[in-house]
Amino acid sequence: QVRLVESGGGSVQAGGSLKLSCRGSGYTYLSNCMGWFRQVPGKEREGVAVAYTGGSSIHYADSVKGRFTISRDNDKNAVYLQMNSLKSEDTGMYYCAADAEACMLGTGRDAALFGYWGQGTQVTVSS
């Protein structure tokens, strides 16, 4: 019911920047919440940043506050993640996620509550 396609990953040196993009198709109400999660082998998927439609509710992981900025374009059903001052620990597979209400529940960044996922895009930060 919602298809998500990410783009913008790549390799960058520490201190550099990348911008991730995600376009969604399908029922727009199922994308009221859109956000970004990341995962490295052996660890659970971590909520990096999520935003409710219109940006009325935004949640960031403490580790990215002040460095990453999430934004949305509701006309395009898209979500973006501007990542600045990247660190080696930001390396991972980044997934776009969407849901009707998950970002309004609990911390807003619980991966288990998001119903729709993209295929992921790799971000590698070298020190």
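These values consider heavy atoms only, across backbone and side chains, with no hydrogens, waters or symmetry-generated copies.
Closest of all the heavy-atom pairs between S17 and S85 is OG-N, 4.3 Å. In plain terms, the two heavy atoms of A14 and S127 that are nearest each other are CB-CA, 4.1 Å. Looking at every heavy atom in both residues, G120 comes nearest to M93 through C-SD, 3.7 Å. Smallest separation of non-hydrogen atoms from G108 and F114: O-CE1, 3.7 Å. Shown here for L4 and G24, the closest heavy-atom pair between the two residues is CD2-CA, 3.8 Å. Closest approach of L18 to V123, counting heavy atoms only: CD1-CG1, 3.9 Å.
Side-chain heavy atoms closer than 4.5 Å link hydrophobic residues (I, L, V, M, F, W, Y) into clusters, and following such links, even through other members, never connects V79 to V50. Y27 and Y116 fall within the same hydrophobic cluster, where Ile, Leu, Val, Met, Phe, Trp and Tyr residues are linked whenever their side-chain heavy atoms come under 4.5 Å apart, directly or through other members.
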Pair K19-Y80, side-chain contact (heavy atoms from CB on, under 4.5 Å): steps then yes or no
CA-CA 7 Å; K19 185 174 183 178; Y80 308 96; 3.8 Å; yes

Start with the C-alpha gap between R67 and M83, add the side-chain angles, then the distance that decides, and say whether side-chain contact (heavy atoms from CB on, under 4.5 Å) holds.
CA-CA 6 Å; R67 301 188 297 121; M83 305 185 292; over 6 Å; no

Using the rule given for ring-ring contact (aromatic ring centres under 6.0 Å, His included), can you reason through F37 versus W117, listing the C-alpha separation, both sets of side-chain angles and the distance that settles it, and then say yes or no?
CA-CA 10 Å; F37 293 73; W117 294 89; 5.0 Å; yes

Between D62 and K65, does the salt bridge (charged side-chain N to carboxylate O under 4.0 Å, His left out) criterion hold? Intermediate values first, please.
CA-CA 5 Å; D62 288 342; K65 286 180 180 177; 3.1 Å; yes

Are C96 and R23 close enough, and set up right, to give a side-chain contact (heavy atoms from CB on, under 4.5 Å), and what steps lead you there?
CA-CA 9 Å; C96 177; R23 291 288 298 268; over 6 Å; no

Let me see the working for R72 and I58 under side-chain contact (heavy atoms from CB on, under 4.5 Å), right down to the final yes or no.
CA-CA 11 Å; R72 295 193 56 169; I58 295 177; over 6 Å; no

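Remark: the backbone N or O of I70 is paired with a side-chain donor or acceptor of Y60 at under 3.5 angstrom. With T121 contributing its side chain and G9 its backbone, the two residues share a donor-acceptor pair below 3.5 Å. No side-chain donor-acceptor contact under 3.5 Å links N77 to the backbone of N74. Between the T91 side chain and the V125 main chain, a donor and an acceptor come within less than 3.5 Å of each other. Side-chain N or O atoms of Q39 include one that pairs as donor or acceptor with a backbone N or O of K43 at under 3.5 Å.
Counted by atom type alone, E6 and Y94 present zero donor-acceptor pairs between their side chains at under 3.5 Å.
Remark: R45 is positioned above the aromatic ring of Y95, its terminal NZ or CZ atom under 6.0 angstrom from the ring centre and at most 45 degrees off the axis.
In the displayed structure, Q122 atom CD is contacted under 6.0 Å by more than 12 heavy atoms of other residues, nucleotides or ligands.
In this structure, SG on C33 lies 6.5 Å from CE on M104, to the nearest 0.5 angstrom. Note that CG of D110 and SG of C103 are 12.0 Å apart. Values are rounded to the nearest 0.5 Å. Interatomic distance, SG of C22 versus CG of L81, reported as 11.0 Å (0.5 Å rounding). The distance from atom OH of Y52 to atom OG of S31, rounded to the nearest 0.5 Å, is 11.5 Å. Between the NE2 atom of H59 and the CZ atom of R109 there is a distance of 8.5 Å, given to the nearest 0.5 Å.
Between L86 and F68, the closest side-chain pair of non-hydrogen atoms falls below 4.5 Å.
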